Structure formats: structure tokens, C-alpha cells
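A quick write-up on the structure given underneath.
Each chain gets a letter, A, B and so on, in the order the sequences are listed, and its residues count up from 1. Just so you know, these numbers come straight off a predicted model, no measurement behind them.
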Amino acid sequence: MAGALAIADTRSQFTDLFSVYQWLTVVVAGIVFGLVLFALVRYRRRGNEYPRGKDKHTVAESIYALVLTAIAITLVTLTFRTEDKTDAVAANGGVRVDIVAFQWQWRFGYPDYGKTVLGTTEHVPTMVLPVGTVVRFDGISRDVIHSFWVPAARFKRDEFPKRHTKFDLRFDRVGTYIGRCAEFCGLRHTNMDFYVRVVPRDAFQRWVKS
Amino acid sequence: MLVVPRRASLIGWVGSTDHKRIGVRVATYAFGFFLLSGAFALVMRTELARPGLQVVSENTYNELFTMHGSGMFFLVMAPLALALGMYFVPLQIGASDIAWPRLALIGDWLIPLGGVTMFSGFLTDHGAAKAGWTAFAPLSDIDRSPGYGMDLWIFGGLLATAGVLLLAISVLTTIVRFRAPGMTMLRLPVFTWSMVATCLLVITSFPALIVALSLLFVDRHFSGVYEGASGPVLYQHLFWFYGHPVVYVIFFPFIGAVAEVVAVFSRRRFFGYHALVLSLLVFAALSMSVWAHHMFATGRVTNQYFALTSTILLVPAGVEYFDLIGTMIGGSILLSSAMLFAVGFIVLFLIGGLTGIIVASPPLDYHVHDTYFVVGHFHYTIFAGSLFGFFAAVYYWYPKVTGRMLRERLGKLQFVLYFLGANLTFFPMLVSGYEGMPRRVADYENIHDLSLMNMLSTIGAFTIALGTLVFLWNLRVSSRKPVPAGNDPWQGHTLEWWTTSPPPPHNFDSLPPVRSYSPLYDRRLGES
Ligand SMILES: [Cu+2]
Ligand SMILES: [Cu+2]
């Protein structure tokens, strides 16, 4: 099913891009903190002096603004490239999963297999998915806005009433991951959790038929 | 602030259209709402100190974060921003009065009226509003949010927003029409320029909230405006069309004040004045085009457009940092309490700004949106940034407003507590959000380091509270044993330091010639 589809694992997409931003953040913070500290130590008032320096430096500031613009364009370009992959929708195929969010539970349906998982107050629902396979999600809410968030996948998407939200994901690692509703949805928003259990493909086939 | 003239009659004080009294009044009750909304945060932090529900119910918790956020935006930060402008803009431009004083007086009183209306929701059967300060439809509709608390919240928000709007109209008109001879637009002090940008944003964006909330009331009681398939997204567009610019409304005045403080305590004319003015205007213009970066995870907006406009904001922001640090380098820096808070602003706002660049990237925001990462990010900008800027302004201008000095030692103690407290509270939030903690939850599981991170945040919040007590103590000590300030205790650069402290009702008996954006600095250079 995975075949030649361009759907990538969102976690590694996120990690690659985040590390660029994180690196930039640390460098910029280091430079600014260093300059502030330098100014405070080096230019601390000692006597009653009145410094006389230039009031502006238009050339330096213009070059600096151009450098900032270049940084912004670089970041935006990297972001667009990653987002194209994160938001990509496969041409066809994949496992279809319907998400129904409602105050304050989830229902996951597998239309191709006639299987449904429903969460209850005693029972946190578990969505079982095959590893390395495109999963085509179709989500809707029955009441207010909810948000389908799997922290380990570094991805979330809001679920609206009266309108379907469609997105494709792929999970490349076997394991059980926590999922949460991320959009505040009223009294028991705190408890609106679910699990995603990613299993080998044959195990998935056995599970849907069970 | 918090100064009520002793012998003035109550009616005279309440009804005065003197811009200085309006400014002090607005700042005073905004500070009152700050203490109240801050206390709510302490209750929340106590609840979150450990996993499980110990202190409040989920229902109460939802009321608390809703009213904390609503209070801080509608009743604290935006009013404080305009209060500073109301008081100091006429003084900085050498005006004796404001434009539309009665309009400003109405605006002044609409804000506390809105605040009381909003908080009176706690007295109703269903309690106060609990749909978050964003009150997204359809969670805020009549079925999901029954009761008068939500309606009182709507009216409170409308009144306070209208109040701030009226103040902004008055301040902007004053700048346009009431400048002293020689005070051209390109000689306006940097703080006054920051108020130009602020008022422009208020006037262009606040009406969107008035529309959003009015329609929400109609939705609740007459017809479901936001009921259709597009309704929830429509509401979010209207809300964020206000909701993003408002964060710059509560940023510009404080960076303007910080710029004044940095220049005065570095004994230099502000460096790169024209670049700063330009960057403020570019900033204001761009910030009208970024609102839907709050909606990346909806999958229903043009993410790339809003990612582009949001990321490019780093250019004007970077220019402002260049000018602030450029003023300090080569200066003669005195680390007074005001300057400490200004430096704190520069350092901590940067963390808010850099994490802001991260959330402006949709694929990164897909993960951190609606988590504690975002909570940490915007508290670095609003608390560790803007509120630090506000305290820089307080330590700098309090002598002008009252004629008395605040105690420097207590000021420095407050700064240390605030600086430690802010980092201890908000840095762990960046971690806990990244690790998977959603915002607006009363409880969490102890996976990853969530217990530790939340405990640190709670300790930090109480450190901030202690710092606030030190500030209140400072106010008390300074009024009990007054130390006279004189006209110009800091050797200021701008016209407000020319007149007496506090200034007379008509502000100035005479004015020096104005030949630059720092007229008093010119004089001092001429003398030396
Ligand atoms: Cu939910
Ligand atoms: Cu924004």
C-alpha cells in the first residue's frame, strides 16, 4: 500500500526543520545576550562622562536589514518545502480511518473493514495502524471544535462540526503513542485522550479482522 | 501609579478630563485587575504543581484560565498601554491638553465598567465565562455555554474594547493636532512614535472584536450566526483580526518606553531614530496581515501566506534590537531599576520573539499549537517582555507623576525576583508543551518530565508574586517617607522632564526650543 506515495513520516519532517530553527534561535540568542552583557560591562558609567558617538549608522543598519531579510526568506523557503510534504495528500490507496470527535470522546472507524473503536469514560480508545503505510484520515466533530493531536507524530489537525477534515499521515515506527484533544472543548477537555498503536502490517490485518 | 490626590474632591477626581488624571486612573484600575488576574494564575499554578486534581474542580479551572486571559488582555495590558500614552504623549509633544477629552473620559470609565461586568459572571448561577479568552464558536454558543456568565463576558469585552478604542482615538488625534511649535513628526520622541503605531493598530483592529462579540451575542440569543459549516472559521478570522494586532498594541508602547529608558540611562541620543520609526510603521502594517497564523492547525487558511508575513516580522523586530543595543554600546550606562527592567525586557522578549519565529512555521506549529509551548512563548512576550517594559516605565516616570522617587533597592529586588521568576515559570512551559502537554488542562499525566516542569513553573509563579509584593511595598514606603524628585531626576531627553513633577494642570509654563527628538539632551550638550 505504501508504494511510491510521497507521504512522509511527519515526525522526521518536523525534527529536520525544527533543528534548523533551534540552531538559529541559540545562535541569535547567544549573539544578543553577548552584546548586551558586553555593553553593560564595557560601557558601565564610571565617572560623570557624557559620551559623544554617532546617532545612527544607516549603511550598517541597511546591510543588517538585508541580512535579516535573507534569513527570513531562507526560513520561509525551508518551511514551505517541509509543509509541502507534511500537507501532501496521497493520490490513492492507504488505510482509511474516520475520526469522529465529540464532547469528550473519540470514535475511530475503519470503513474498509467495518470496524469501529469507541472511547468511553472507563476506556481510552486505541487507534490501531499499520506501520509504514499511508493512513488517510477523514475527521469531523459532532459538536464543538476539537483537535486531533499525536505528540509523537509532531502533528495535529482541528476537527470541525459540519465539515470534514482530511489529511494523510504515515507512522514509520512500531509502538504505542498517546494522543490528545488539543483544542479546548469544554468541561472535560482534560480527559479527551486516545492511543495510537502502530503495529506490523500482518498484525494490523489480524486486528481488523478480529 | 496608584496615586489618589489627597484633598481633591471625589467627583473632581472621577470626572476630571485632565489627561494626567485619566492616565493615572486607567493605570490604577488596570493594575488592580492585574493583581486579580494574577491571583487567578497563582491558583492555576497551585493546581498544576502536581498531577491530579487537588485544589479546584475542572469547571472552576476553566473559569480561572478564561478570566485570567480575558482580564490580562482586555483589562490590564491594553489599558496600561493606553494609560501610558494618555499621560505622557501630551507631555512629550509639549501639549497642554488632549484632543477629545470628554471622549477619553468616557473611554476611561468604560474599561472598569467592562471589567466589573465581566467578573460579575462569578455571581451568576452558571458561574463566569469558561470558553477561554478566545471564546471560539461553537463552544461559546448558548447550548455549550449556557448562562449569563458568557453574556456578561461578551458585554464586558465590548465595553473594555470600546473604552480602549476611544482612548486611542484621543491620543492619536492629540499627536496629529497638538504638537508644540518646532515638534515636527520626525522630532516626536520614540515613545510617542510607538503610540502612533499603537493607536493606528487599535483603530484598525479593535472594531473587528466588537463585530465578533456583537455577532456572538446575536448568535446566542437570536439566530445562529456562527452555526453553519463556515461559522467557526468566520469567528476565528474576526477574533484574530483583533487578536493578533492586540499583542502589538500591548508591545509597542512598552518597547517605546524601554527605548526612552535605554537612551536616558546610556546618556545617548537614541541610536537609529529614523530606522526605528520606519520599523515601527512597517511592523504595524505587517501585523495587520498575519492574523491567521493562529489558525494553521485548522487546515482551512492559506498557511503559506500567513507564514510568510509572520516570519518577515523578524526584520522590523531585528532593526529595533539593533537600535536598542546600538544605543547602549558606546553609552555611559547606569543600571538603575528602570534600566534593569529595560535590559530584562530586551533579553527576555528575545526568547518570546525567537520562539515566535518557530510558531510562525506551519509544520512546526502543527506540533506546538495549543500546547504549553505556545503558552510559554506568549508569556515571554507579554509578561517577560511587555510587563517588564511597563515596570521600566514605572520606575522611570513615577517621579514625574508623583514628584517622589521610588526606592531603588526595592526596585532592584523586585527586578531580581521578576527575572528569576519569569524564567523559572515560562522556560519549563516551552519544554512541557514540546513534550506533549496541551494548554487549558487542569490535570496531566506524569510522562516525560511534566511533573518536574510544572513544579518549576509553579515555584516561578510564586517568585513573581513575591516580586509584586515588593513593588507594592515600594509604593507604600515611597509615599510614607517621600523623597522629592525634582523636575528631572534622570537627566531626561524629552519635554516631560522640563516641567514640574507632578506637572501643573496646563502642563507647561514655558517650553524650550525643539530642534530634535531629544530637546533637553540638546540643551545639555550646549551647556557642557
Ligand atoms: Cu476536545
Ligand atoms: Cu499572532
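- Annotation: maximal heavy-atom pairing with chain B below 4.5 Å, among A:Val32, A:Asp55, A:Leu17, occurs at A:Asp55.
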Derivation of the side-chain hydrogen bond (donor to acceptor under 3.5 Å, both in side chains) call for B:Tyr366 and A:Arg154: CA-CA 7 Å; B:Tyr366 286 166; A:Arg154 307 286 188 255; over 6 Å; no
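- Contacts between A:Phe38 and chain B at a heavy-atom distance below 4.5 Å involve the side chain alone, from C-beta outward.
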Check step by step if side-chain contact (heavy atoms from CB on, under 4.5 Å) holds for B:Leu53 and A:Thr190. CA-CA 11 Å; B:Leu53 280 176; A:Thr190 306; over 6 Å; no
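- Looking at B:Asp143, neither its backbone nor its side chain comes within 4.5 Å of chain A, counting heavy atoms on both sides.
- Interface remark: of the candidates A:His189, A:Glu159, A:Glu49, A:His57, A:Glu49 forms the most heavy-atom pairs closer than 4.5 Å to chain B.
- Of all heavy-atom pairs spanning B:Ala307 and A:Val76, the tightest one is O-CG2, 4.4 Å.
- Pairing each heavy atom of A:Thr79 with each of B:Pro362, the nearest pair is CG2-CD, 3.5 Å.
- Partner of B:Pro363 under the side chain to side chain contact (heavy atoms under 4.5 Å, CB included) criterion, chosen from A:Leu78, A:Asp87, A:Thr82: A:Thr82.
- Taken from NZ in A:Lys56 to CG in B:Asp323, the straight-line distance is 11.5 Å, to the nearest 0.5 Å.
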B:Phe136/A:Val144 under side-chain contact (heavy atoms from CB on, under 4.5 Å): CA gap, chis, key distance, verdict: CA-CA 9 Å; B:Phe136 279 179; A:Val144 302; over 6 Å; no
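- Contact count versus chain B (heavy atoms, under 4.5 Å) is highest, among A:Lys166, A:Lys54, A:Arg42, for A:Lys54.
- The environment of B:Arg187 atom CZ is dense: over 12 non-hydrogen atoms of other residues, nucleotides or ligands sit within 6.0 angstrom.
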Stepwise, does the side-chain contact (heavy atoms from CB on, under 4.5 Å) test hold for A:Gln103 with B:Leu139? CA-CA 10 Å; A:Gln103 286 176 321; B:Leu139 180 62; 4.0 Å; yes
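- When every heavy atom of A:Ala65 is checked against every heavy atom of B:Val315, the shortest pair comes out as O-CG1, 4.1 Å.
- Residue contact with chain A, scored on non-hydrogen atoms closer than 4.5 Å, involves the backbone of B:Ala137 exclusively.
- The choice from B:Gly132, B:Ala229, B:Ser361, B:Ser279 that makes the most heavy-atom pairs within less than 4.5 Å of chain A is B:Ser361.
- Ranked by heavy-atom pairs under 4.5 Å with chain A, the first of B:Arg300, B:Arg269, B:Glu227, B:Met295 is B:Arg300.
- Residue B:Arg268 comes nearest to A:Pro51 through the heavy atom pair CG-CG, 3.9 Å, listed as atom of the first residue, atom of the second, then distance.
- B:Val233 places none of its side-chain heavy atoms less than 4.5 Å from the side chain of A:Arg163.
- With values rounded to the nearest 0.5 angstrom, A:Asn191 atom CG is found 4.5 Å from B:Glu58 atom CD.
- Proximity to chain A (any heavy atom under 4.5 Å) is shown, for B:Leu313, by neither the backbone nor the side chain.
- Proximity to chain A (any heavy atom under 4.5 Å) is shown, for B:Tyr61, by neither the backbone nor the side chain.
- In this structure, B:Tyr434 has its ring center closer than 6.0 angstrom to the ring center of A:Phe18.
- When the candidates A:Ile145, A:Val67, A:Thr165 are compared by the number of heavy-atom contacts under 4.5 Å with chain B, A:Ile145 comes out ahead.
- You'll find the side chain of A:Asn48 reaches within 4.5 Å of the side chain of B:Arg267, heavy atoms only.
- For the options B:Asp370, B:Thr327, B:Leu324, heavy-atom pairs under 4.5 Å to chain A are most numerous at B:Asp370.
- For B:Tyr226, no part lies near chain A; criterion is any non-hydrogen pair under 4.5 Å.
- When all heavy atoms are compared, the tightest approach of B:Ala275 to A:Glu61 is CB-OE2, 3.3 Å.
- There is no contact between A:Leu24 and chain B, counting heavy-atom distances below 4.5 Å.
- Between B:His367 and A:Trp149, the angle of the ring planes lies from 30° to 60°, which puts this pair in the tilted group.
- Top candidate by heavy-atom pairs under 4.5 Å with chain A, chosen from B:Leu308, B:Thr355, B:Ile346, B:Ile312, is B:Leu308.
- With a 4.5 angstrom heavy-atom cutoff, A:Phe33 touches chain B only via side-chain atoms.
- Counting heavy-atom pairs closer than 4.5 Å to chain A, the top-ranked of the candidates B:Met328, B:Gln304, B:Arg440 is B:Gln304.
- A:Lys156 contributes a side-chain N or O that, together with a main-chain N or O of B:His369, makes up a donor-acceptor pair within less than 3.5 Å.
- Taking OG1 of A:Thr15 as the reference point, atom CG of B:Leu364 lies at 9.5 Å (rounded to 0.5 Å).
- Atom CD1 of B:Ile358 is separated from atom CG of A:Leu75 by 10.0 Å, given to the nearest 0.5 angstrom.
- Using a 4.5 Å heavy-atom threshold, the side chains of A:Pro151 and B:Glu435 count as separate.
- Contact of the B:Thr298 side chain with the A:Phe160 side chain is registered, since non-hydrogen atoms from C-beta on lie closer than 4.5 Å.
- Contacts between A:Asp143 and chain B at a heavy-atom distance below 4.5 Å involve backbone atoms as well as side-chain atoms.
- Highest contact tally toward chain A, considering only B:Ile329, B:Asp443, B:Thr311, is held by B:Ile329 [criterion: heavy-atom pairs under 4.5 Å].
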Check the pair A:Thr25, B:Ile357 against side-chain contact (heavy atoms from CB on, under 4.5 Å), reporting the backbone distance first and the verdict last. CA-CA 9 Å; A:Thr25 300; B:Ile357 298 174; over 6 Å; no
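- Atom CZ of A:Arg180 sits about 11.0 Å away from atom OG1 of B:Thr371, to the nearest 0.5 Å.
- Atom CD of B:Glu445 and atom CG of A:Asp193 lie 6.0 Å apart (nearest 0.5 Å).
- Contact of A:Arg44 with chain B is made through backbone and side chain together, with heavy-atom distances under 4.5 Å.
- B:Glu63 does not touch chain A: none of its heavy atoms, backbone or side chain, sits under 4.5 Å away.
- The nearest pair of heavy atoms linking B:Ile333 to A:Ala39 is CD1-O, 3.4 Å.
- Interface remark: A:Tyr64 contributes side-chain atoms only to the contact with chain B (heavy atom separation under 4.5 Å).
- When heavy atoms are compared at a cutoff of 4.5 Å, B:Val343 approaches chain A solely by way of its side chain, counted from C-beta outward.
- Taking A:Phe167, A:Tyr43, A:Phe155 one by one and counting their heavy-atom pairs under 4.5 Å with chain B, the maximum is reached by A:Tyr43.
- Residue contact with chain B, scored on non-hydrogen atoms closer than 4.5 Å, involves the backbone and the side chain of A:Leu187 alike.
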